[in-house]
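Values reported hereafter were calculated over all heavy atoms of this structure, with side chains retained and with hydrogens, waters and symmetry mates removed. Keep in mind the model is a prediction, meaning the values are calculated, not measured.
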Amino acid sequence: TSDITITLVGDADGLSITTGPSDTEANKSLTGPPTVEAQDINGEAVSGIDVTAETGSKNLIGDRTVTTNSSGQAVFDNLSLTDAETNYTLNFSISSTQDNVNSSVTVESNTFDVTAGNATDIEIDTQPDNTQAAGQNLTGPPTVQVTDNFNNGVPSVEVDVEAING
């Protein structure tokens, strides 16, 4: 005779982050990708459960709600953030209204940073003074702001300035 093991999966009662987000560039899919597993009270994976990701920030774009697959995992592979900031976290929650879920379950990710994208724009913040002395440093002094497509400041960009007579 053969032994048969039957595993009964119960109601979705918990979440576990299997892959947390890591530092990424603005408007790029979050690195990881963030993956969450829905589990029953015995720690068994539960499929077909809606899981929602939130940051508390309006700039989270992509599919915020993902249904767990046959392995019980919700893979958030197209979420991105547009604001370059430090110490973001994602909060995951069961968002289903099904009878077999505990919808009060939430779990918070590790912290991660979003950096500015490539420089796309330059704006003059401060114009130099109208009258300048020949052979001297410009007074004013002129300053510029270099940003990406989402108006995030891009650090360490070399800016060349050329005087035009006229």
Minimum heavy-atom separation for [X] to [Y], with atom names?
{"X": "G72", "Y": "A45", "value": "CA-CB, 3.9 Å"}
{"X": "I94", "Y": "G14", "value": "CD1-O, 4.3 Å"}
{"X": "A116", "Y": "A84", "value": "N-CB, 3.6 Å"}
{"X": "I17", "Y": "S109", "value": "CD1-CA, 3.5 Å"}
{"X": "S70", "Y": "S47", "value": "CA-CB, 3.9 Å"}
{"X": "K28", "Y": "S80", "value": "O-CB, 3.2 Å"}

Is it true that V105 and I49 fall in one hydrophobic cluster, defined by side-chain heavy atoms closer than 4.5 Å?
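Yes; tracing contacts between hydrophobic side chains, which count when under 4.5 Å, links both residues.
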Are V75 and V51 co-members of a hydrophobic cluster defined by side-chain heavy atoms under 4.5 Å apart?
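As far as the 4.5 Å side-chain criterion goes, V75 and V51 are not connected within one cluster.
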side-chain hydrogen bond (donor to acceptor under 3.5 Å, both in side chains) involving N149 - partner list, sequence neighbours excluded:
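N149 satisfies side-chain hydrogen bond (donor to acceptor under 3.5 Å, both in side chains) with T120 once adjacent residues are dropped.
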Qualifying residues under side-chain hydrogen bond (donor to acceptor under 3.5 Å, both in side chains), relative to Q73, sequence neighbours excluded:
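Partners of Q73 under the side-chain hydrogen bond (donor to acceptor under 3.5 Å, both in side chains) test: none.
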What is the distance from atom [atom1] of [X] to atom [atom2] of [Y], rounded to the nearest 0.5 Å?
{"X": "E108", "Y": "L90", "atom1": "CD", "atom2": "CG", "value": "9.0 Å"}
{"X": "E37", "Y": "T18", "atom1": "CD", "atom2": "OG1", "value": "6.5 Å"}
{"X": "T115", "Y": "N152", "atom1": "OG1", "atom2": "CG", "value": "9.0 Å"}
{"X": "D50", "Y": "T67", "atom1": "CG", "atom2": "OG1", "value": "4.0 Å"}
{"X": "F112", "Y": "T86", "atom1": "CZ", "atom2": "OG1", "value": "11.0 Å"}
{"X": "T111", "Y": "N87", "atom1": "OG1", "atom2": "CG", "value": "5.0 Å"}

Provide the full list of salt bridge (Lys or Arg N to Asp or Glu O under 4.0 Å) pairs with a residue in residues 62-78, sequence neighbours left out, each pair given once.
E54-R64
Give a yes or no answer on whether the side chain of T35 reaches the backbone of P33 with a donor-acceptor pair at less than 3.5 Å.
yes
Is a side-chain N or O of N42 found less than 3.5 angstrom from the main chain of E44, in a donor-acceptor match?
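Side chain of N42 to backbone of E44: no pair is present.
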Under a 4.5 Å cut-off applied to non-hydrogen side-chain atoms, are [X] and [Y] in contact?
{"X": "L81", "Y": "L30", "answer": "yes"}
{"X": "V114", "Y": "E85", "answer": "no"}
{"X": "I61", "Y": "N27", "answer": "yes"}
{"X": "L79", "Y": "L60", "answer": "yes"}
{"X": "N91", "Y": "T106", "answer": "no"}

Would you give me the side-chain donor-acceptor pairs under 3.5 Å for residues 122-131, sequence neighbours excluded?
from: T126; atom 1: OG1; to: T143; atom 2: OG1; distance (Å): 3.0
from: D129; atom 1: OD2; to: T139; atom 2: OG1; distance (Å): 2.9

ring-ring contact (aromatic ring centres under 6.0 Å, His included): which pairs involve residues 117-148, sequence neighbours left out?
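Residue pairs with at least one partner in residues 117-148: there are none.
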Per the ring-ring contact (aromatic ring centres under 6.0 Å, His included) rule, what does the pair list look like for residues 27-74, sequence neighbours excluded?
none
After noting the C-alpha distance and the side-chain angles of V46 and T68, does the key distance pass the side-chain contact (heavy atoms from CB on, under 4.5 Å) rule?
CA-CA 7 Å; V46 181; T68 57; 5.7 Å; no
Between T52 and T65: side-chain donor-acceptor atoms closer than 3.5 Å
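Looking only at side-chain atoms, T65 and T52 do form a donor-acceptor pair, the distance falling under 3.5 Å.
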Just say parallel, tilted or perpendicular for the rings of F92 and F76, cut-offs at 30° and 60°.
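F92 vs F76 ring planes: tilted.
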Testing N110, D113, N59, D83 for side chain to side chain donor-acceptor pair (under 3.5 Å) with Y88, which one passes?
N59
